[in-house]
Number of protein chains: 2
Amino acid sequence: MTRQKIEIKKIDNISARQVTFSKRRRGLFKKAHELSTLCDAEIALMVFSNTGKLFDYSSSSMQQVIQRHNLHSQELGLSEHPSIELQLELSNQTMLSKELAEKTRELRQLKGEELQEMTIKDLQKLEKLLVGGITRVSQAKNFQEDRVLKDISSLKRKEVQLMEENWRLKQAQHLTPENGHSSECITIVCSSLADIPQDYDTSDTSLKLGLPFPD
Amino acid sequence: MTRQKIEIKKIDNISARQVTFSKRRRGLFKKAHELSTLCDAEIALMVFSNTGKLFDYSSSSMQQVIQRHNLHSQELGLSEHPSIELQLELSNQTMLSKELAEKTRELRQLKGEELQEMTIKDLQKLEKLLVGGITRVSQAKNFQEDRVLKDISSLKRKEVQLMEENWRLKQAQHLTPENGHSSECITIVCSSLADIPQDYDTSDTSLKLGLPFPD
DNA sequence: CGAACTATATATAACAC
DNA sequence: TGTGTTATATATAGTTC
């Protein structure tokens, strides 16, 4: 709808999709609000991102609008059909189960545990997916590792500075011995050391920075 | 938002309000649909005009989205006193939802779409998993491709044999011309050709047999 | 990333029929 | 009330930082 017209179909590029999602979501919510204000309408809007995150808007109360919707669509609100809710839940559950089974299968295939039935074409698709995944994972890992290395060198620099400072203070103390300020300096050193990321596992022997395929 | 900018507050003029309502309502629904398509989001939109008329849209099923919303908001607003069965189903469903969410997350991580929060250790684990997956997938692919190649060469051998057979029969026919047995041979050729795996896509230009990382 | 910035595509207020 | 037209306000795709 700008720079270039786009086709209305699922956006393949992941980050582009996320950006578009938050932009358009905001736009949609704004429009919904405007409509409810301008025309005195009662509106409820629910949006689930593909990551499962919920965003909702309601001109009044969400529950109120849903109740009203239920009244309209069927007579669900009262217990005409005592088990209609149950039926709903059941069908819902069936669906959930199916989805779960599907995801489980996909997961197993990605892990290479269920490849017998697959065609060459499917395998090629899978391979592409995995290569994409590994590329992104490696990038993320490198990024984190870089961050840790930077943290370390920054801490080392701090350490040197503090030691120098400490030394200077000690010298000063020698010249005019008053109170024990040296303990304060040690405190500073300790608190800055606590900033080291906890998740950096030093027991891992190799810190590979490149792609996992050396040749 | 055109000819003249308008203030976002209730439109006094009744007919103008109605016109605006139907125009903007259509626009809103269109946007909602576009968002759900582009970003693979699940959306429910309910609009009540001030005359009490209901308009709604849902990317999947309205009830489904409402259920999902209820799960999120933890308020199961449908019934005051849910039956034992319903409670059971609901808890069951909650569990399923959690499992599904977990699998979805894992899947996204394998695809490299949700790596922000991960520690180096987790990323290393993920990488290992992906390398394992890609190894097995490549093996499976190679196996399938080998099979296809073997099928092809076997068919070629058969073809040669049959052509020779055919030729011999023709020669024999020339010497003692009786009945047309040649058509029978053609039948054999056709039936063996039908054994070529259907899923082998010859439109794919490259038939890579090695690992997908050339260097 | 996310925020900011265009250049365009869309949506729509006012008007006409 | 519905439909169509038009001039303008908005929304937003692609891009930059």
Side-chain angles (χ1 to χ4, degrees), chain A residues 1-41 43 45 47 49-53 55 57 132-133 135-148 150-151 197, chain B residues 1-41 43 45 47-55 57 59 105 108-109 111-120 122-123 126:
Chain A
M1 316 190 169
T2 128
R3 290 305 177 98
Q4 204 181 310
K5 180 170 174 170
I6 58 157
E7 196 185 349
I8 301 300
K9 63 167 194 145
K10 180 170 170 180
I11 298 172
D12 288 325
N13 183 298
I14 300 157
S15 50
R17 185 166 63 218
Q18 277 172 341
V19 171
T20 296
F21 179 70
S22 52
K23 282 186 178 181
R24 277 176 173 262
R25 178 170 43 79
R26 257 183 264 161
L28 185 65
F29 279 50
K30 186 179 173 197
K31 290 275 183 200
H33 175 67
E34 288 181 356
L35 180 60
S36 83
T37 305
L38 287 170
C39 307
D40 197 26
I43 296 184
L45 174 56
V47 178
S49 71
N50 61 356
T51 67
K53 199 166 176 193
F55 304 85
Y57 162 80
T135 304
R136 279 183 283 269
V137 169
S138 288
Q139 276 176 350
K141 206 187 66 175
N142 287 348
F143 179 78
Q144 292 280 9
E145 286 169 344
D146 281 353
R147 201 173 58 79
V148 169
K150 277 197 191 112
D151 284 348
Chain B
M1 315 187 170
T2 134
R3 291 304 179 97
Q4 203 181 311
K5 179 172 176 170
I6 58 157
E7 197 184 350
I8 302 299
K9 60 165 195 148
K10 180 169 171 180
I11 297 173
D12 290 325
N13 184 303
I14 296 166
S15 54
R17 184 164 66 215
Q18 276 176 338
V19 171
T20 296
F21 179 70
S22 53
K23 283 188 175 179
R24 276 176 174 261
R25 177 170 43 79
R26 258 186 256 164
L28 184 64
F29 280 45
K30 186 178 173 200
K31 289 276 180 198
H33 175 67
E34 288 182 355
L35 180 60
S36 84
T37 306
L38 287 171
C39 305
D40 197 25
I43 297 185
L45 174 56
V47 178
F48 292 94
S49 72
N50 60 355
T51 66
K53 199 167 174 188
L54 166 68
F55 305 84
Y57 161 81
S59 58
R105 203 180 48 78
R108 284 175 53 78
Q109 283 181 342
K111 290 179 186 168
E113 298 176 8
E114 195 180 308
L115 306 173
Q116 309 83 346
E117 314 271 296
M118 296 188 75
T119 67
I120 292 185
D122 287 341
L123 287 168
L126 201 56

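Residue numbers begin at 1 in each chain, while the letters A, B, ... track the order of the sequences.
- Rounding to whole angstrom units, CG of residue B:L38 and P of D:dA11 are separated by 17 Å.
- Remark: side-chain polar atoms of B:E113 are not paired, donor with acceptor, to backbone N or O of A:T51 under 3.5 angstrom.
- Between the NZ atom of A:K9 and the P atom of D:dA13 there is a distance of 15 Å, rounded to whole Å.
- Taking each heavy atom of A:V137 and B:L123 in turn, the nearest pair found is CG1-O, 3.7 Å.
- A straight line from CD1 of A:I14 to P of C:dC1 spans 11 Å, rounded to a whole angstrom.
- Between A:F21 atom CZ and C:dC1 atom C1' the separation is 17 Å, expressed in whole Å.
- D:dA9 atom P lies 16 Å from atom NZ of B:K23, rounded to whole Å.
- Applying the 4.0 Å criterion to OP1 and OP2 of D:dA11, one finds that A:R26 has every side-chain N and O outside that range.
- One atom, CZ of B:R25, and another, P of C:dA11, lie 15 Å apart when rounded to the nearest Å.
- Counting any heavy atom pair closer than 4.0 Å across all strands shown, A:Q18 reaches no nucleic acid atom.
- Residue-level contact check: A:K5 touches the backbone only, with heavy atoms under 4.0 Å from sugar-phosphate atoms and none from bases.
- With hydrogens and angles ignored, the 3.5 Å screen pairs a side-chain donor or acceptor of B:S36 with a backbone N or O of B:H33.
- When atom types are taken as modelled, the side chain of A:R17 and the backbone of A:I11 share a donor-acceptor pair closer than 3.5 angstrom.
- Contacts of A:S22 with the nucleic acid, taken as non-hydrogen atoms under 4.0 Å apart, are absent.
- A salt bridge between A:D151 and A:R147 is present, with a side-chain N of the basic residue lying under 4.0 Å from a carboxylate O of the acidic one.
- At whole-Å resolution of the value, CD1 in A:I8 and P in C:dA9 are 14 Å apart.
- Closest to the side chain of B:K31, out of D:dT10, C:dT10, D:dG14, is C:dT10.
- Look at CD1 on B:I6: it is 12 Å from C1' on C:dA11, rounded to the nearest Å.
- Distances shown here put every side-chain N or O of A:S15 at or beyond 4.0 Å from the OP1 or OP2 atom of C:dC1.
- Residue side chain A:R3 does not reach the base of D:dT15 through any donor-acceptor N/O pair under 3.5 Å, judged by distance alone.
- Contact annotation: A:K30 side-chain N/O to D:dT10 OP1/OP2 distance is not under 4.0 Å.
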